[in-house]
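I have a structure I would like to understand better, so I am pasting it below and will then ask my questions one at a time.
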Number of protein chains: 2
Amino acid sequence: MTQYDKNSRFASKQAYEVIRDRILNGDMPGGTKIVEEKLAAELGFSRTPIRESLRQLNYEGLIVNKKVVQPTEKDLRNLFQVRSLLEGFSAKAAATYLPEEDLNALSNCIKVGREGTIEEIMDANERFHEIIVQASGNALMIDTIHRMKSIIYLFRKTVVLYNRPRLIDEHEEIYEAIKARDGETAKQLMEDHLNKDLDFCLQILNSTKNA
Amino acid sequence: MTQYDKNSRFASKQAYEVIRDRILNGDMPGGTKIVEEKLAAELGFSRTPIRESLRQLNYEGLIVNKKVVQPTEKDLRNLFQVRSLLEGFSAKAAATYLPEEDLNALSNCIKVGREGTIEEIMDANERFHEIIVQASGNALMIDTIHRMKSIIYLFRKTVVLYNRPRLIDEHEEIYEAIKARDGETAKQLMEDHLNKDLDFCLQILNSTKNA
DNA sequence: ATAAACAAAAATGTATACAAAATAATGAAA
DNA sequence: TTTCATTATTTTGTATACATTTTTGTTTAT
C-alpha cells in the first residue's frame, strides 16, 4: 500500500520526509538545533532543497525558531481545542451524509483497532479520524487539520503505546451515532473522545516528566 | 503607527509584501500566472527570495498552482465555515475573561465604525475581530485565523465598500454580549454575524459576476 | 569573578549558474 | 483543417559562491 509519491523525486520532498521522520521517531529530540548546512551534508543535498523542507516543517510546527519543537502542555491543550472544534463539526457533517462505503471503512477501523498489531492499530486510528475529517467536505478545514497531523502523531503514539482504555469503544460509539444519523450526538461524542485523549496525554506527560 | 518591521530588511519579506499587496489590490487579478523569473526581474531581486515569498503566499492561499487564486463560492463558504467555528469559540472565550481595556478597545472600534472614513472603518472592523480572536488565548487558533487573513481581506473589502447594512449594529450586539459575560450569546451572535457576511458576499459576488 | 568589548567562527540570506522538466511552437501525416 | 510527434523555449529545481549577520569564544578592564 506504500504508494509511490511522485513528489519524492524532489530533493526537497525527500529531505522533508527524512527530517520529519527523524523528529517523529525521536532521532532528533525536542530542542535539537537545526543547522541547514549540517543537514545538507548529512542528507547529501545542497542547502537549497533543505531550506525548502525546513519551511514546510516550520509550517507544520515541528520546527520552531530553528529548533525541533518541544510542545508544552499549553501547546497540547491548544491543539486539542482546535481539533475539537474542527473534528466535532466534521463528525456532525459525517452523520448527515456519510456514504455507505465510508461507514464500512469506519467499522473496519474499529475491527482492526481491536484485533490488530500496534502498527495496524495506529494506522486504523488515524484512518478513522481521517474519514470523518474528509466528511466535512471542506478543503480548508481538511488542510488545517492536516497541518496539525505531525504533532498529533507525536501524541497519538503515546496514547496507543500506553494503551489508553476505552479508546476503541469511544470510536465505536461515534461510529454508531454517525450511522444513526445523529449529528449532535456524534459531535458531542467526538469532543468527549478528544478531551479524554488530551487528559490521557497530559497524565502520561506529567508522570513521565520526572523519570 | 506604521511601525518599522525589522523583517522588511529581508528581500524575501519585501517581495512577499509587494506581491501580496498587488494581489489584494487587484493589480494581479485572479488567474494571473506566477513566473519566478519575471517577478524577480520586476522587483529587482534574485529568484531565491522570490521563491521564499511565493511559498508564504501559497501557504496563505493567495497563490494556488502557480496562479493567483480565484476563490470560488465554495471556497468562500469553506472559509466562513472555519471562521465561524474558531471565531465563535473566541467570542465565547472573550465573554469569559476579556479585560476592561480590551472591552474599551472593542467599543472604540464600533465608534469608529459609525463615524470613520472607509479606510478607518476597514481597520476598525479588522481590529474588532482581532481583539476577539486574541481572547481565545490559543496561539494555534490565532495563527490559523491569521493564515486566512489575506483572503478574508479580499472579501471584507467588498462588504465594507458595498456598505453592508447592520454590520456595525451586529458588532455592537456582540460587544454587549461579551460585556455582559454571556458567552453562549456572544458565540451565537458571532456565528450569525459571519453568516450574514457570507450571504452578503455571495450576493454581491453573484450580482457582479455577469457585469 | 563578572562584565564589556572585541575578534573569530559559524550560519544565514541572496545571487548566480546549470541541468532537468514542463510548456509552447513548429511541421509532417492523416 | 486536425492530430500527432518532434523541436525550441521557458520555467523550474538544485548546486554553489559570497557577503552579511549572528553566534561563539577570547581578551581586557572593572
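Throughout, protein chains are lettered first and strands after them, A, B, ... in sequence-line order, and every chain is numbered starting at 1.
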Next item on the list: For A:Asp75 and A:Thr72, test the side chains for any donor-to-acceptor distance below 3.5 angstrom and give the result as yes or no.
Entry: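 There is such a pair between these side chains.
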
Notebook entry, point to check: What does the inter-axis angle of the helix from C:dA1-D:dT30 to C:dA30-D:dT1 come out as, five pairs per end, nearest 10 degrees?
Noted result: 20°

Check: Whole Å only: how far is the CG atom of A:Leu39 from the P atom of C:dA10?
Finding: 17 Å

Notebook entry, point to check: Taking for each residue the nucleotide of DNA chain D bearing the nearest heavy atom, is the 5' side occupied by A:Ser12 or by A:Lys66?
Noted result: A:Ser12

Margin query: Just so I know, are the side chains of B:Ile19 and B:Leu54 near enough to count as touching, which here means a heavy-atom distance under 4.5 Å?
Written below: yes

Check: In chain order, what residues pass the ring pair (Phe, Tyr, Trp, His ring centres under 6.0 Å) check against B:Tyr162, with sequence neighbours excluded?
Finding: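 Counting only residues at least two positions away or on another chain, B:Tyr162 forms no ring pair (Phe, Tyr, Trp, His ring centres under 6.0 Å).
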
Checklist line | DNA chain D-proximal residues of residues 43-59 of chain B, any heavy atom under 4.0 Å | finding: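 The stretch gives B:Arg47, B:Arg51 as the residues lying under 4.0 Å from the strand, ordered by number.
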
Check: Hey, what do you get for CD (A:Glu130) to CD1 (A:Ile142), rounding to the nearest 0.5 Å?
Finding: 7.5 Å

Next item on the list: Just grab all the ring-ring contact (aromatic ring centres under 6.0 Å, His included) pairs involving residues 60-92 of chain A, residues at least two apart or on different chains.
Entry: none

Item checked: Whole-Å gap separating P (C:dG13) and CD (B:Gln14) ->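 Taking atom P of C:dG13 as the reference, CD of B:Gln14 is at 14 Å.
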
Checklist line | Positional range of nucleotides in DNA chain D within the contact set of chain B, heavy-atom, under 4.0 Å | finding: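 The contact span of chain B on DNA chain D goes from D:dT11 to D:dT22.
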
Next item on the list: Scan side-chain atoms only and decide if B:Glu52 and B:Gln56 contain a donor-acceptor pair under the 3.5 Å cut-off.
Entry: no

Next item on the list: First locate atom CG of A:Leu198, then atom CG of A:Leu79, and finally report the distance between them rounded to the nearest 0.5 Å.
Entry: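 The distance works out to 9.0 Å.
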
Notebook entry, point to check: In this structure, are over 12 heavy atoms from other groups packed under 6.0 Å from B:Asn65 atom CG?
Noted result: no

Next item on the list: For the pair B:His129 and B:His171, name the ring-plane relationship: parallel under 30°, tilted 30 to 60°, perpendicular over 60°.
Entry: perpendicular

Item checked: Length of the CD-C1' vector between A:Glu37 and C:dT12, whole Å ->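 Nearest whole value for this atom pair: 9 Å.
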
Item checked: Non-neighbouring partners of B:Tyr97 that pass ring pair (Phe, Tyr, Trp, His ring centres under 6.0 Å), sequence neighbours left out -> none

